[in-house]
Amino acid sequence: MRKIVIVGAGASGVYLSVLLKQKYPQDDVIVLEQNQSPLKKLLATGNGRCNLSNQNMDQQYYDSDNLDIVQSIIQDFDMVSQMKEIGLYCLYQGHLLYPKSEQALSVKNVLMQRAQEAGVLFFYEQEVHRIECQNQYRIVTSKQTFHADIVILAMGSEAGKLSGMNESRYHILKQLQLKVIEPLPSLVQFYTSPVLKVLKGVRVKGTFSLMENDKCIHQEKGELLFTDYGVSGIAVMQLSSFYKKHHQYQLYIDFFDELSHNQLCQYLSQQSSLFLEGMLNHKIASYFQKYQDLPIQKLAFLLKHYRLDIQGIREAQYAQVMKGGLSLEDVTYDLELKRYPSMFAIGEILNVAGMCGGYNLHFALASAYRVAQAIERNVYVKNS
Ligand SMILES: Cc1cc2nc3c(=O)[nH]c(=O)nc-3n(C[C@H](O)[C@H](O)[C@H](O)COP(=O)(O)OP(=O)(O)OC[C@H]3O[C@@H](n4cnc5c(N)ncnc54)[C@H](O)[C@@H]3O)c2cc1C
């Protein structure tokens, strides 16, 4: 009988606990969680609907220091059939995969039901402070010490604050002398200058470009939301994944991406007066009314290249994911730590951050699956 301790009851940790305990009922599978309950972040995903995966699954939608490992993990995992195995019926809506119920709660209930049936042991309000390596691993929490033959680091990130804003996850890595890439919020809103407070709450569809020194870093077609601090919306969240610290970026808004500059000029020139009400949301039209005396060429340019300076990204508690975390330099393709046999890392604690669209949950579950397979091959098990 082996003792397997998983640190963190997020999506990756709970899914791995199910896979392991179903396969090895004789082993002790223990999950240590600092919160009072499991899967808090999962419940908030996809606005409560849980976007589990994406039909366009490829490393190009991820940021990491080893995209080859990421590619090998994401392509080896078939979310639909693996979820079916545990009793979760999923359906694609366009490219996006959701549970048929469209409720993150179903995902939580299915995972926890399977874990309970299999006999996984959960310990809550147990913040792990450090892990010591002796003959066995010693996992020291705020309340007690656990021993394990196999340890899984599944501590996620502070993004969204539902997995805790504390630093203990990074302290554990540093105390183990592992390389930690500085965590930075991603899939997050921008602070802008000016802040268009008069447009607060207005959503606009268009094309949005992240610019640096007149160079387009990335372009997104989609929706933007004006807020009282800057801008939000899916297109902005996607752009934020290209944001780097200490760079000066601008956001260009193309309100009429369906028209070329010349077509827009032509349309504007056919209007009896430059009354934008018939062309744009009322609040945006009112805002642009101050430019009505501009020559049509200039007005058209402004409507297709409206510029906001980006003053920064919002903080981790507003983000969906953190870039950074445990460097993939320190792990094998099986996500085993090179320095620590039988210790693995899965999910968002790793330096792997996906774009919006189910990429982060796909990686969280796929990485758990990879580790379950590695343990199944049994070559990694200490003292078994
Ligand atoms: C608002 C929001 C919406 C999102 N929507 C989507 C979506 O629709 N699709 C998608 O793919 N992704 C989405 N994501 C991202 C996705 O939820 C995460 O990438 C994924 O849940 C990460 O899973 P994880 O198991 O690695 O980590 P987490 O879910 O962060 O879980 C880690 C667990 O470890 C615990 N822990 C941490 N440190 C310790 C410690 N020292 N001791 C004990 N326990 C500890 C935490 O409390 C937590 O329960 C969203 C994120 C947010 C915040």
Novice: For the residue pair Tyr137 and Met343, establish whether any side-chain heavy-atom pair is separated by less than 4.5 Å.
Specialist: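 When only atoms from C-beta onward are counted, Met343 and Tyr137 do touch, with a gap below 4.5 Å.
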Novice: Indicate if Val352 and Met57 have the same hydrophobic cluster label, given that clusters are the connected sets of ILVMFWY residues with side-chain heavy-atom separations under 4.5 angstrom.
Specialist: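 The answer is yes; both residues are in one hydrophobic cluster.
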Novice: Would you tell me whether Gln126 and Gln144 have side-chain atoms, one donor and one acceptor, within less than 3.5 Å of each other?
Specialist: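 Yes - a donor-acceptor pair under 3.5 Å links their side chains.
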Novice: How about NZ on Lys100, more than 12 heavy atoms from neighbouring residues, nucleotides or ligands closer than 6.0 Å, or not?
Specialist: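 Counting other residues, nucleotides and ligands, NZ of Lys100 stays at 12 neighbours or fewer.
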Novice: When you check the side-chain N and O atoms of Asn66 and Glu329, is any donor under 3.5 Å from an acceptor?
Specialist: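 The criterion, which ignores hydrogens and geometry beyond distance, is not satisfied for Glu329 and Asn66.
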Novice: Using side-chain contact (heavy atoms from CB on, under 4.5 Å) as the criterion, point out the one residue from Leu43, Thr45, Leu97 that pairs with Cys50.
Specialist: Thr45
Novice: Are any of the side-chain nitrogens in Arg130 or Glu132 under 4.0 Å away from the carboxylate oxygens of its partner?
Specialist: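 Here Arg130 pairs with Glu132 in a salt bridge, since their nearest N and O are under 4.0 Å apart.
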Novice: I'd like to know if Glu117 and Arg114 make a salt bridge, using a cut-off of under 4.0 Å between side-chain N and carboxylate O.
Specialist: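 Yes.
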Novice: Between Lys21 and Asp28, does any NZ, NE, NH1 or NH2 come within less than 4.0 Å of an OD or OE carboxylate oxygen?
Specialist: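 Between Lys21 and Asp28 there is no salt bridge, as every charged N stays at least 4.0 Å from the carboxylate O atoms.
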Novice: Taking atom types as modelled, find out whether Ser157 and Glu348 have a side-chain donor-acceptor pair closer than 3.5 angstrom.
Specialist: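 Checked: Ser157/Glu348 side chains pair up, N/O donor to acceptor below 3.5 Å.
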Novice: Surrounding NZ of Lys84 (heavy atoms of other residues, nucleotides or ligands, distance under 6.0 Å), is the total greater than 12?
Specialist: no
Novice: Check Ser240 against Ser186 and note the closest heavy-atom contact, atom names and distance.
Specialist: OG-C, 3.9 Å
Novice: Do Val14 and Leu16 have side chains that approach each other closer than 4.5 Å (heavy atoms only, starting at C-beta)?
Specialist: no
Novice: Between the side chains of Lys179 and Asp330, is the shortest nitrogen-to-carboxylate-oxygen separation below 4.0 Å, so that they form an ion pair?
Specialist: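 Looking at Asp330 and Lys179, the cut-off is not met.
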Novice: Can you name the closest pair of heavy atoms from Met322 and Ala353 and give their distance?
Specialist: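 Here Met322 and Ala353 meet closest at O-CB, 3.8 Å.
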Novice: Just wondering, do Leu365 and Met79 contact through their side chains at under 4.5 Å, heavy atoms?
Specialist: yes
Novice: Does CD belonging to Gln36 count more than 12 external heavy atoms closer than 6.0 Å?
Specialist: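 No.
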Novice: Do the non-hydrogen side-chain atoms of Met355 and Met237 ever get within less than 4.5 Å of each other?
Specialist: no
Novice: Is any side-chain heavy atom of Gln59 closer than 4.5 Å to a side-chain heavy atom of Asp68?
Specialist: yes
Novice: Do Asn109 and Ser106 have side-chain N/O donor and acceptor atoms under 3.5 Å apart?
Specialist: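 No, no side-chain donor-acceptor contact under 3.5 Å.
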Novice: Just wondering, do His362 and Leu52 contact through their side chains at under 4.5 Å, heavy atoms?
Specialist: no
Novice: Assess whether side chain to side chain donor-acceptor pair (under 3.5 Å) is satisfied between Gln136 and His147, documenting all intermediate values.
Specialist: CA-CA 6 Å; Gln136 275 189 313; His147 294 87; 5.0 Å; no
Novice: Taking side chain as C-beta onward, heavy atoms only, is Leu88 less than 4.5 Å from Val107?
Specialist: yes
Novice: Heavy atoms only: give me the nearest Lys323-Asn351 pair and the separation to one decimal.
Specialist: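 Taking Lys323 first and Asn351 second, the nearest heavy atoms are C-OD1, 4.3 Å.
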Novice: Look at the aromatic rings of Tyr243 and Tyr249 and report parallel, tilted or perpendicular, splitting at 30° and 60°.
Specialist: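 The rings of Tyr243 and Tyr249 sit tilted, inter-plane angle from 30° to 60°.
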Novice: How far apart are the closest heavy atoms of Thr227 and Ser232, and which atoms are they?
Specialist: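 Looking at all heavy atoms of both residues, the shortest contact is CG2-CB, 3.9 Å.
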Novice: Please evaluate residues Leu239 and Phe208 with respect to the criterion side chain to side chain contact (heavy atoms under 4.5 Å, CB included), reporting the C-alpha separation (whole Å), side-chain torsions for both, the decisive distance (0.1 Å), and the verdict.
Specialist: CA-CA 8 Å; Leu239 290 178; Phe208 310 96; 4.0 Å; yes
Novice: Please determine whether a side-chain nitrogen of the Lys or Arg among Asp76 and Arg370 lies less than 4.0 Å from a carboxylate oxygen of the Asp or Glu.
Specialist: yes
Novice: Take a 6.0 Å sphere around CG of Leu176 and say whether it holds more than 12 heavy atoms from other residues, nucleotides or ligands.
Specialist: yes
Novice: Hydrophobic clustering (ILVMFWY, side-chain heavy atoms < 4.5 Å, transitive) - are Leu196 and Ile313 grouped together?
Specialist: yes
Novice: Determine whether the side chains of Tyr170 and Gln175 contain a donor N or O and an acceptor N or O closer than 3.5 Å.
Specialist: no
Novice: So for atom NE2, which belongs to His129, do other residues, nucleotides or ligands contribute more than 12 heavy atoms lying within a distance under 6.0 Å?
Specialist: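 Atom NE2 in His129 is crowded, with more than 12 foreign heavy atoms closer than 6.0 Å.
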Novice: Looking only at heavy atoms, what is the nearest atom pair of Leu350 and Ala345, with distance?
Specialist: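 Scanning both residues completely, I find the closest heavy atoms to be CD1-O, 3.4 Å.
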Novice: Decide yes or no for Tyr287 and Leu199: does some side-chain heavy atom of the first lie under 4.5 Å from some side-chain heavy atom of the second?
Specialist: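 They are in contact (side-chain heavy atoms under 4.5 Å apart), so the answer is yes.
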Novice: Can you tell me if Gln263 and His261 form a side-chain donor-acceptor pair at under 3.5 Å?
Specialist: no
Novice: Salt-bridged, Arg2 to Asp149, with N to O below 4.0 Å?
Specialist: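 Salt bridge absent between Arg2 and Asp149.
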Novice: Above 12 or not: heavy atoms from other molecules or residues under 6.0 Å from OH of Tyr333?
Specialist: yes
Novice: Give a yes or no on whether the ring-centroid distance for Phe288 and Phe255 is below 6.0 angstrom.
Specialist: yes
Novice: Show your working on side chain to side chain donor-acceptor pair (under 3.5 Å) between Asp65 and Ser327 and close with a plain yes or no.
Specialist: CA-CA 7 Å; Asp65 56 342; Ser327 168; 2.5 Å; yes
Novice: Evaluate the side chain to side chain contact (heavy atoms under 4.5 Å, CB included) criterion for residues Leu308 and Gln250: first the C-alpha distance (whole Å), next the side-chain angles of each, then the deciding distance (0.1 Å), finally the verdict.
Specialist: CA-CA 6 Å; Leu308 295 172; Gln250 303 79 41; over 6 Å; no
Novice: Thr207 and Asp254: side chain to side chain donor-acceptor pair (under 3.5 Å), yes or no, with the steps?
Specialist: CA-CA 5 Å; Thr207 294; Asp254 183 349; 5.3 Å; no
Novice: When you measure from the side chain of Asn56 to the backbone N and O of Asp58, does any donor-acceptor pair fall under 3.5 Å?
Specialist: no
Novice: Should we say atom NZ of Lys290 is surrounded by more than 12 heavy atoms from elsewhere, each under 6.0 Å from it?
Specialist: yes
Novice: Ignoring hydrogens and geometry beyond distance, is a side-chain donor-acceptor pair present between Gln292 and Gln289 at under 3.5 Å?
Specialist: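 Yes, side-chain donor-acceptor contact under 3.5 Å.
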Novice: Would you check, one step at a time, whether the test side chain to side chain contact (heavy atoms under 4.5 Å, CB included) holds for Leu337 with Leu326?
Specialist: CA-CA 10 Å; Leu337 297 185; Leu326 174 58; 3.8 Å; yes
Novice: Find the distance between CG (Leu361) and NZ (Lys41) and round it off to the nearest 0.5 Å.
Specialist: 9.5 Å
Novice: Treat each ILVMFWY residue as a node, draw an edge where side-chain heavy atoms are under 4.5 Å apart, and state whether Ile296 and Leu294 are in one component.
Specialist: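 In one cluster: yes.
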Novice: To the nearest 0.5 Å, what is the distance between CD1 (Ile349) and CG (Leu173)?
Specialist: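 CG of Leu173 is found 4.5 Å from CD1 of Ile349.
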Novice: Can you name the nearest heavy-atom pair linking Lys108 to Leu42, along with the distance?
Specialist: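 Closest heavy-atom pair between Lys108 and Leu42: N-CD2, 3.9 Å.
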Novice: Indicate if Ile172 and Ile181 have the same hydrophobic cluster label, given that clusters are the connected sets of ILVMFWY residues with side-chain heavy-atom separations under 4.5 angstrom.
Specialist: no
Novice: Output yes when Glu182 and Lys245 qualify as a salt bridge under the 4.0 Å nitrogen-oxygen rule, no when they do not.
Specialist: yes
Novice: Please evaluate residues Phe363 and Phe77 with respect to the criterion side chain to side chain contact (heavy atoms under 4.5 Å, CB included), reporting the C-alpha separation (whole Å), side-chain torsions for both, the decisive distance (0.1 Å), and the verdict.
Specialist: CA-CA 9 Å; Phe363 181 76; Phe77 185 68; over 6 Å; no
Novice: Hey, can you tell me if His305 and Phe301 have their rings parallel, tilted or perpendicular (30° and 60° cut-offs)?
Specialist: parallel
Novice: Tell me, yes or no, whether the heavy-atom count around Asn47 atom CG, taken from other residues, nucleotides or ligands under 6.0 Å, exceeds 12.
Specialist: no
Novice: Same cluster or not: Tyr61 versus Tyr98, using hydrophobic residues (I, L, V, M, F, W, Y) connected whenever any side-chain heavy atoms lie under 4.5 Å apart?
Specialist: no
Novice: Between Asp78 and Val80, is there a donor-acceptor pair closer than 3.5 Å when you use the side chain of the first and the backbone of the second?
Specialist: yes
Novice: Name the residue from Ile30, Val371, Ile139, Val31 that meets the side-chain contact (heavy atoms from CB on, under 4.5 Å) definition with Ile6.
Specialist: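 Of all the options given, the one that passes is Val31.
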